[in-house]
Amino acid sequence: MSYKTILVHVDRSSRADARVALAARLALDEQAYLIGAASSGFVPELYVANAMMMAAPMPLEELEVCRAGARRALDNFEKIARGAGVDAIERRLGDDPAQHGIVLQARYADLVVVGQHDPADPDAGATRDLPEYAALQGGRPVLVVPYAGRFDRIDRHALVAWDGSRSAVRALTDALPLLRRTGSVTLAVFNPQRQYGVHGDLPGADIALLLARHGVKVDVLRQDTPPGLDVGNALLSLAADIDADLLVMGAYGHMRWREVLMGGVTRTVLQSMTLPVLMSH
C-alpha cells in the first residue's frame, strides 16, 4: 500500500504554506500526484435563489472576486509544490463550500491533508469544521496539520492510539505508508482492563505482530489514565513526553443536519492538538 494521490486543501489562511509544504514532502516521499483544492466560497445556487425571490441579477463581479482570491491561493500552492520538487501536480477550483468540495474530491485520493481550525485567523473562519467533516464523510484518511508549530517532516516518531475499535483498525491500516517510513513507532493502549472482550491477554501484542509483518517495528505501551485526566489529554500528554511528530488515531463521531458531533477523545485532540494527526473513520 502507498499513497499515489494526495489531496491538500488550499486557502488564504496564515498556515496554508506550512500545510502545502508538508503535503509536498509526502508527495515526494511517496512519488505521488499532488492535488491542490481551493474553494471560492461563493455558492451560485444561493444567489440564484435570492435573485429569483428578489428579481436581482446574479452578482458575477462578486463571483469573480471570490475566484480570483482562490486562484492566488492556488498560485501559491503551485509555487511551493514545484519549489519542493513535485512535478506531478494539479490545481482544482470549485464554488462549493470547502467542506463539501473536499469530501467530494477525497473519494478519489489516497490521503487528504487539511489544517486545524485557527479561531484567530479570519481567513480560516469558513472551514471551522473541515477536519471533522472530511474525516467523517470523506472515506479517506485525513492528515490534520496544527495551526501552531512547525512540521517539516513527520517520519521520526509516530504515536498510534490503539483501542481495538473499527476506527482504530482503519486508521492504523491507512497510516501504513507513513509508519513504514517512521524511525520509531509507539503503540499506546489506554485502560485496557476497562475494555472487556476487545484485547487479548497482552493488549496491543496482536496488532504489534501484524504491524511487524508489514515491516513496522512497534513498542507497545500500556497506560492507565490518572484521575481527572481524560484519554484525549492523556494521549496528547504522552505524545509530548515521547516527542512524537505524528499521532495516528480513529475518528469517532457522526453527522447530524447542519452539525458535526465528534466523540470526546476526537474532539479533544482536534481542539488541542500539538502535532499532525492522521485520522480515519
Who are the salt bridge (Lys or Arg N to Asp or Glu O under 4.0 Å) partners of [X], not counting sequence neighbours?
| X | answer |
| --- | --- |
| Glu30 | Arg181 |
| Asp219 | none |
| Asp152 | Arg150 |
| Arg180 | none |

Inter- and intrachain pairs under salt bridge (charged side-chain N to carboxylate O under 4.0 Å, His left out), touching residues 134-147, at least two apart =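 Found none.
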For residues 272-281, which residue pairs qualify under salt bridge (charged side-chain N to carboxylate O under 4.0 Å, His left out), counting only residues two or more places apart or in two chains?
->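 Pairs touching residues 272-281 that pass the test: none.
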Scan residues 83-106 for pairs that pass ring pair (Phe, Tyr, Trp, His ring centres under 6.0 Å), counting only residues two or more places apart or in two chains.
->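 Of all non-adjacent pairs touching residues 83-106, those that pass ring pair (Phe, Tyr, Trp, His ring centres under 6.0 Å) are His100-Tyr133.
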Could you note down all residue pairs passing ring pair (Phe, Tyr, Trp, His ring centres under 6.0 Å) where residues 72-96 supplies at least one of them, sequence neighbours left out?
->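 Checked against ring pair (Phe, Tyr, Trp, His ring centres under 6.0 Å) - neighbours excluded - no pair reaches residues 72-96.
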Below 4.0 angstrom, N of the basic side chain to O of the carboxylate: do Asp75 and Arg71 qualify?
->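 Looking at Asp75 and Arg71, the cut-off is not met.
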Restricting to side chain to side chain donor-acceptor pair (under 3.5 Å), what partner residues turn up for [X], sequence neighbours left out?
| X | result |
| --- | --- |
| Arg166 | none |
| Thr173 | none |
| Asn76 | Asp17 |
| Glu78 | Arg82, Arg91 |

Any donor-acceptor N/O pair, Arg222 side chain to Val189 backbone, under 3.5 Å =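 Absent.
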Tyr147 and side chain to side chain contact (heavy atoms under 4.5 Å, CB included): which partner among Arg15, Arg19, Met273?
->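 Among Arg15, Arg19, Met273, the one meeting side chain to side chain contact (heavy atoms under 4.5 Å, CB included) with Tyr147 is Arg15.
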State, without any angle test, whether Thr182 and His157 hold a side-chain donor-acceptor pair at a distance under 3.5 Å.
->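 There is no such pair between these side chains.
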State, without any angle test, whether Tyr252 and Asp163 hold a side-chain donor-acceptor pair at a distance under 3.5 Å.
->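 A donor-acceptor contact under 3.5 Å links the two side chains.
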